S.K.: 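Right, I'll just put the structure down here and ask away after.
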2 protein chains.
Amino acid sequence: MPRYRLTIEYDGGPFVGWQRQDNGPSVQGALEDAIEKLSATRVTVVGAGRTDAGVHALGQVAHFDLDRDYPPDKVRDALNYHLRPAPISVLEAAVADGQFHARFSASARHYLFRILNRRSPPALERGKVWHVAVPLDAPAMGAAAQYLVGNHDFTTFRAAECQAQTPVKTLDRLEVFRRADEIHIEASARSFLHHQIRSFSGTLKLVGEGKWRPHDVKKALEARDRAACGPVSPPDGLYLVKVDYPPC
Amino acid sequence: MPRYRLTIEYDGGPFVGWQRQDNGPSVQGALEDAIEKLSATRVTVVGAGRTDAGVHALGQVAHFDLDRDYPPDKVRDALNYHLRPAPISVLEAAVADGQFHARFSASARHYLFRILNRRSPPALERGKVWHVAVPLDAPAMGAAAQYLVGNHDFTTFRAAECQAQTPVKTLDRLEVFRRADEIHIEASARSFLHHQIRSFSGTLKLVGEGKWRPHDVKKALEARDRAACGPVSPPDGLYLVKVDYPPC
């Protein structure tokens with residue numbers, strides 16, 4: 001019963017999200033369909049991050065089991081063949097240890113949030129960035145972000161429908177950089193709450209446009225109150241970049 | 001009779017090309033429609049580069065005349081409003097000298113050709129790169145490219161339907177770089193022949209995969225024969241990056 005581990009890139013635009021749902025196509029469902037075409041077996045694919053509708057991945061990780069051995073490169077190529085025309089690409093397939101679990105074994109998840117910060121709307125990167133037309137102060141956003149790093153009760157930055165058992169999480173890293181006409185927010189943690197990064201992005205945008213001071217983000221965090229959060233940003237700019245696992 | 005100069009970004013995917021044609025939507029036509037909505041006047045927009053179907057622009061330049069003065073920022077914002085939902089974005093609008101001509105005043109055009117060089121197909125950059133699955137030798141491609149730089153008869157790299165008066169052109173720069181899993185070909189010249197850069201890309205790919213030696217590109221150039229060219233690459237990876245004009 002070999003277990004396979006996949007590294008996957010996808011454009012979240014046409015999907016209801018990673019997770020299989022009744023209301024439209026999901027990344028998980030598309031992968032399960034492709035695996036069924038390869039192996040004539042219906043399996044469940046487990047992903048490291050349950051990305052929302054419209055959220056992209058550069059390096060999602062997933063696992064599934066098959067009752068037959070296939071060369072991993074054949075798995076990668078066959079899944080890419082059967083996935084067409086869905087905008088999902090299997091970058092790598094490997095045989096994993098039977099104990100490997102894409103979700104529960106993950107030691108860190110790295111996300112990127114891209115803001116296109118210029119007057120004119122995106123033409124080439126439409127759906128791939130959050131367009132903010134007013135000039136943003138990236139250093140102020142970066143200073144505000146530092147109040148969020150560490151072990152905190154993140155109730156303020158958590159969606160009402162979040163299923164995590166506790167709002168207390170450790171945020172390892174939250175950095176803000178200007179890259180030409182984009183602002184990049186990079187976030188790393190073992191795990192995130194539902195809408196946590198989009199809540200951060202929407203709140204840091206308030207700082208960037210001068211409506212909040214950096215210190216107001218600390219007050220919002222300490223309020224432990226969803227109502228203290230800035231508007232949640234759209235999903236377009238969010239990418240699951242990479243998932244870390246401890247060495248086997 | 002003010003003349004306006006625009007800097008424009010677009011996704012060439014849904015268009016028959018820059019130029020207005022009967023067989024589908026063009027970038028030029030979309031701009032002329034948007035200008036008509038702004039000014040109730042039908043004008044002709046002249047572009048610096050007549051990009052083909054599927055070719056993108058990060059910095060196309062165009063000009064047009066109106067019989068009324070508008071603040072340039074209003075022109076930019078109004079055109080972006082009226083262009084929706086077409087994937088065309090006016091990055092900048094300025095009042096230009098009456099002698100300024102987007103096409104004939106240009107002193108240099110800079111293009112980028114992006115090859116995604118990895119086994120798996122693109123998910124996020126679909127339509128924005130040429131996917132080549134076999135590993136390419138970028139230094140060999142770069143060495144081959146140097147045979148093309150300079151003043152040459154480029155008949156080999158010119159489409160049959162090219163309307164230029166002469167196949168003799170000066171290629172100022174043709175460089176090949178690896179950028180992670182992409183190969184970038186950067187080309188600069190005062191002007192290019194029809195399909196010249198896509199002919200270069202398709203020919204350099206033969207060198208990259210080892211089917212041609214770099215010196216074979218020199219022989220192909222010297223043949224002055226369209227039949228000596230490699231297969232023309234698809235348009236997906238090609239971007240008009242920037243157009244230079246002499247200082248006013």
Side-chain angles (χ1 to χ4, degrees), chain A residues 6-15 27 30-31 34 51 54-60 72-93 112 114 116-129 131 133 180-181 236-241, chain B residues 6-15 27 30-31 34 51 54-60 72-93 112 114 116-129 131 133 180-181 236-241:
Chain A
L6 304 178
T7 307
I8 309 155
E9 174 185 301
Y10 51 84
D11 177 348
F15 300 106
V27 180
L31 284 163
T51 55
V55 175
H56 314 295
L58 294 162
Q60 169 76 286
D73 285 359
K74 187 189 158 148
V75 171
R76 178 197 61 208
D77 293 348
L79 294 186
N80 283 332
Y81 177 81
H82 292 301
L83 281 164
R84 293 182 305 174
I88 304 173
S89 182
V90 177
L91 303 183
E92 209 183 314
L112 165 67
R114 292 172 61 192
L116 179 65
N117 189 216
R118 69 178 190 195
R119 179 75 186 168
S120 303
L124 278 158
E125 299 292 308
R126 191 182 283 184
K128 309 283 172 36
V129 292
H131 178 225
D181 58 6
D236 308 46
L238 186 55
Y239 296 75
L240 173 52
V241 175
Chain B
L6 304 178
T7 308
I8 309 155
E9 175 185 300
Y10 51 83
D11 177 348
F15 299 105
V27 180
L31 284 163
T51 54
V55 174
H56 314 294
L58 293 162
Q60 169 77 285
D73 285 359
K74 188 192 156 144
V75 171
R76 178 199 59 207
D77 293 348
L79 294 185
N80 283 332
Y81 177 82
H82 292 302
L83 281 164
R84 293 181 305 172
I88 304 172
S89 182
V90 177
L91 303 182
E92 209 183 315
L112 165 67
R114 292 172 59 193
L116 179 65
N117 189 215
R118 69 179 190 194
R119 178 75 185 170
S120 303
L124 278 158
E125 299 293 308
R126 192 182 285 183
K128 308 284 173 35
V129 292
H131 178 224
D181 58 5
D236 309 45
L238 186 55
Y239 296 75
L240 174 51
V241 174

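By convention in this document, chain letters (A, B, ...) are assigned in the order of the sequence lines, proteins followed by strands, and residues within each chain are numbered from 1. Keep in mind the model is a prediction, meaning the values are calculated, not measured.
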S.K.: Looking only at non-hydrogen atoms, find the nearest pair between B:D11 and A:A123 and report the distance.
M.R.: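 For B:D11 and A:A123, the tightest heavy-atom pair comes out as CB-O, 3.9 Å.
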S.K.: In sequence, state the C-alpha distance, the side-chain angles, and the governing distance for B:D73 and A:R119, and then conclude on salt bridge (charged side-chain N to carboxylate O under 4.0 Å, His left out).
M.R.: CA-CA 10 Å; B:D73 285 359; A:R119 179 75 186 168; over 6 Å; no
S.K.: For the atom pair OG (A:S120) and CG (B:L91), what is the distance rounded to the nearest 0.5 Å?
M.R.: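 So the OG of A:S120 and the CG of B:L91 are separated by 5.0 Å.
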S.K.: Given a strict heavy-atom distance threshold of 4.5 Å, which part of A:A86 is in contact with chain B: side chain, backbone, both, or neither?
M.R.: backbone
S.K.: Check the pair B:L124 / A:E9 against side-chain contact (heavy atoms from CB on, under 4.5 Å), numbers first and verdict last.
M.R.: CA-CA 7 Å; B:L124 278 158; A:E9 174 185 301; 3.9 Å; yes
S.K.: Which residue out of A:L83, A:V90, A:N80 racks up the most heavy-atom pairs below 4.5 Å with chain B?
M.R.: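 Going by pairs under 4.5 Å, I would pick A:N80.
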S.K.: For B:D77, is it the side chain, the backbone, both, or neither that has a heavy atom closer than 4.5 Å to a heavy atom of chain A?
M.R.: side chain
S.K.: If you round to the nearest 0.5 Å, how far is OG of B:S89 from CD of A:E125?
M.R.: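 OG of B:S89 is found 12.0 Å from CD of A:E125.
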S.K.: Of the backbone (N, CA, C, O) and the side chain (C-beta and beyond), which part of A:R118 lies under 4.5 Å from a heavy atom of chain B, both, or neither?
M.R.: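 The answer is the side chain of A:R118.
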S.K.: Please look at A:I88 and chain B and tell me whether the side chain, the backbone, both or neither of the residue comes under 4.5 angstrom of a heavy atom of that chain.
M.R.: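 Backbone only.
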